[in-house]
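Data block below; observations after.
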Amino acid sequence: MSLVGKKFPNVTVDAMSEMGDDLRINILEEATANQQKVLLFWYPKDFTFVCPTELHAFQEALPEFEKRNTKVIGASCDTNEVHFAWLNVSKDNGGIEGVTYPILADTHRQLANMLGIVDQDFEYNEEGEEVFTGSNVTYRATYLIDETGKIFHESVNDMPLGRNVKEYMRLIDAYTHVQKHGEVCPANWEEGKDAMKADRTSTAEYLAKN
């Protein structure tokens, strides 16, 4: 079930800083109290394969997100201790040393289950007992939250599929344009391109030009 248009869950979760500090982060409060957008991205597990490429890609793009008044936060169901161990492994050894944004440690899967992004299912055996299946880790889910705590974008990739970080910048730009100008953004819109008013005349004019 889609959560777009709804408030992000009001849940506080353990997290780890790049300096090894244990944190407690509430995504809804990060957005509303600081009047900023939040990009929250989930990945399956520390010390894996596609995951470090994504964490480094978000780190490299961090200045661009900061320009857009957007806080980046990573998340998985690993513990703070495992996060910190991975933060102390160099990039050329498959680690995430150099990542500076916080990483949630949703070890109880409370938030991940509320979002419905855990690879977990169950079936019944011959005795009628529940038997759980799946990896019990999260898919590559991404949430964009605005300054009011509303989710304005969500996407979920299967585990082998890495994300395109630039697309989230485009989505933030488009949503910010809507906030500022009250216009709507057509397909493939990018900053500096024409947007439209939400009426038939403006749509016809846009299509005639494009």
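Just so you know, these numbers use all the heavy atoms, side chains as well, and skip hydrogens, waters and symmetry mates. Please read all numbers here as calculations on a predicted model, not as lab measurements.
- Note on Ile145: it does not cluster hydrophobically with Val178, by side-chain heavy-atom contacts below 4.5 Å among ILVMFWY residues.
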Audit row: Ser17, Leu23, side chain to side chain contact (heavy atoms under 4.5 Å, CB included) steps and yes/no
CA-CA 7 Å; Ser17 78; Leu23 307 173; 3.9 Å; yes
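- Among all heavy-atom pairs drawn from Gly149 and Thr32, the shortest one is N-CG2, 3.7 Å.
- For Met16 against Leu87, the heavy-atom pair with the smallest separation is CG-CD1, 4.1 Å.
- With contacts defined as side-chain heavy-atom distances shorter than 4.5 Å, the pair Asp146/Gln179 qualifies.
- For the pair Thr138 (side chain) and Ile117 (backbone), a donor-acceptor distance under 3.5 Å is absent.
- With contacts defined as side-chain heavy-atom distances shorter than 4.5 Å, the pair Leu55/Ile103 qualifies.
- Residues Thr100 and Gln59 bring a donor and an acceptor atom of their side chains to less than 3.5 Å of each other.
- With Trp86 contributing its side chain and Gly94 its backbone, the two residues share a donor-acceptor pair below 3.5 Å.
- Remark: the backbone N or O of Val89 is not paired with any side-chain donor or acceptor of Asn93 at under 3.5 angstrom.
- Salt bridge annotation for Glu60-Lys91: present, with a cationic side-chain nitrogen under 4.0 angstrom from a carboxylate oxygen.
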Should Ile25 and Val13 be marked as a side chain to side chain contact (heavy atoms under 4.5 Å, CB included) after you check the CA-CA gap, both sets of side-chain angles, and the distance that decides it?
CA-CA 5 Å; Ile25 293 179; Val13 181; 5.9 Å; no
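- Scanning both residues, Met114 and Pro9, for their nearest heavy atoms gives CE-CB, 3.7 Å.
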Let me see the working for Glu190 and Arg170 under salt bridge (charged side-chain N to carboxylate O under 4.0 Å, His left out), right down to the final yes or no.
CA-CA 6 Å; Glu190 294 177 344; Arg170 189 193 73 83; over 6 Å; no
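- Note on Val72 and Ile27: separate hydrophobic clusters, where clusters join Ile, Leu, Val, Met, Phe, Trp and Tyr whose side-chain heavy atoms are under 4.5 Å apart, directly or indirectly.
- Phe41 and Ile96 fall within the same hydrophobic cluster, where Ile, Leu, Val, Met, Phe, Trp and Tyr residues are linked whenever their side-chain heavy atoms come under 4.5 Å apart, directly or through other members.
- Around atom CD of Gln110, no more than 12 heavy atoms belonging to other residues, nucleotides or ligands sit under 6.0 Å away.
- Contact annotation: the side chain of Ser76 never approaches that of Trp42 to less than 4.5 Å [non-hydrogen atoms, C-beta and beyond].
- Atom CZ of Arg24 is surrounded by more than 12 heavy atoms from other residues, nucleotides or ligands within 6.0 Å.
- Using a 3.5 Å distance cut-off with no hydrogens or angles, the side chains of Asn80 and Asp14 do not pair a donor with an acceptor.
- Side-chain polar atoms of Glu154 and Ser2 form a donor-acceptor pair below 3.5 angstrom.
- Grouping the Ile, Leu, Val, Met, Phe, Trp and Tyr side chains by contacts below 4.5 angstrom, directly or via other members, places Tyr43 with Leu62.
- Every residue two or more places apart in sequence or in another chain that forms a salt bridge (charged side-chain N to carboxylate O under 4.0 Å, His left out) with Lys37 is listed here: Glu147.
- Between the side chain of Ser202 and the backbone N or O of Asp199 there is no donor-acceptor pair closer than 3.5 Å.
- Side-chain atoms of Asn34 come within 3.5 Å of backbone atoms of Glu30 as a donor-acceptor pair (strictly under, hydrogens ignored).
- The shortest distance between side-chain heavy atoms of Leu39 and Lys71 does not fall below 4.5 Å.
- Shown here for Phe84 and Glu18, the closest heavy-atom pair between the two residues is CE1-O, 4.1 Å.
- The shortest heavy-atom contact between Val184 and Pro186 is O-CD, 3.7 Å.
- Leu28 and Leu144 are assigned to two separate hydrophobic clusters, defined by single-linkage of ILVMFWY side chains at heavy-atom distances under 4.5 Å.
- Contact annotation: the side chain of Lys197 never approaches that of Thr203 to less than 4.5 Å [non-hydrogen atoms, C-beta and beyond].
- For the pair Tyr101 and Ile73, the minimum side-chain heavy-atom distance is 4.5 Å or more.
- Shown here is His181, whose NE2 atom has more than 12 heavy atoms of other residues, nucleotides or ligands within 6.0 Å.
- Under a 4.0 Å N-O distance rule, the pair Asp173/Arg68 qualifies as a salt bridge.
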I'd like to know whether Val99 forms a side chain to side chain contact (heavy atoms under 4.5 Å, CB included) with Phe58, so could you lay out the CA-CA distance, the side-chain angles of the two residues, the decisive distance to 0.1 Å, and finally the verdict.
CA-CA 9 Å; Val99 166; Phe58 279 109; over 6 Å; no
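- No hydrogens or angles considered: nothing links the side chains of Asn136 and Asp119 as a donor-acceptor pair under 3.5 Å.
- Within 6.0 Å of the CZ atom in Phe49, the count of heavy atoms belonging to other residues, nucleotides or ligands does not exceed 12.
- The side-chain hydrogen bond (donor to acceptor under 3.5 Å, both in side chains) check on His56 picks up nothing, with sequence neighbours excluded.
- The nearest pair of heavy atoms linking Met169 to Glu64 is SD-CB, 3.7 Å.
- The line from NE2 of His83 to CZ of Phe47 is 11.0 Å long, rounded to the nearest 0.5 Å.
- At least one side-chain heavy atom of Thr148 sits under 4.5 Å from a side-chain heavy atom of Lys7.
- Judged purely by atom type and a 3.5 angstrom limit, Asp78 uses its side chain to pair as donor or acceptor with the backbone of Asp46.
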Phe8 vs Val38, side chain to side chain contact (heavy atoms under 4.5 Å, CB included): CA-CA, chis, key distance, verdict
CA-CA 11 Å; Phe8 195 85; Val38 175; over 6 Å; no
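- With sequence neighbours left out, Arg109 forms a salt bridge (charged side-chain N to carboxylate O under 4.0 Å, His left out) with no residue at all.
- For Thr176 (side chain) and Ala174 (main-chain N/O), no donor-acceptor pair under 3.5 Å exists by modelled atom type.
- Remark: the backbone N or O of Leu111 is paired with a side-chain donor or acceptor of Asp106 at under 3.5 angstrom.
- Taking the side chain as every heavy atom from C-beta outward, Tyr168 and Ser155 approach each other to under 4.5 Å.
- Annotation: the span from Asn210 atom CG to Lys193 atom NZ amounts to 8.5 Å, rounded to 0.5 Å.
- Under the 30°/60° scheme for interplanar angles, the aromatic rings of His177 and Trp189 are found to be tilted.
- Note that the NZ atom of Lys45 and the OG atom of Ser135 stand 7.0 Å from one another [nearest 0.5 Å].
- Panel note: side chain Arg140, backbone Met159; a donor-acceptor pair is recorded below 3.5 Å.
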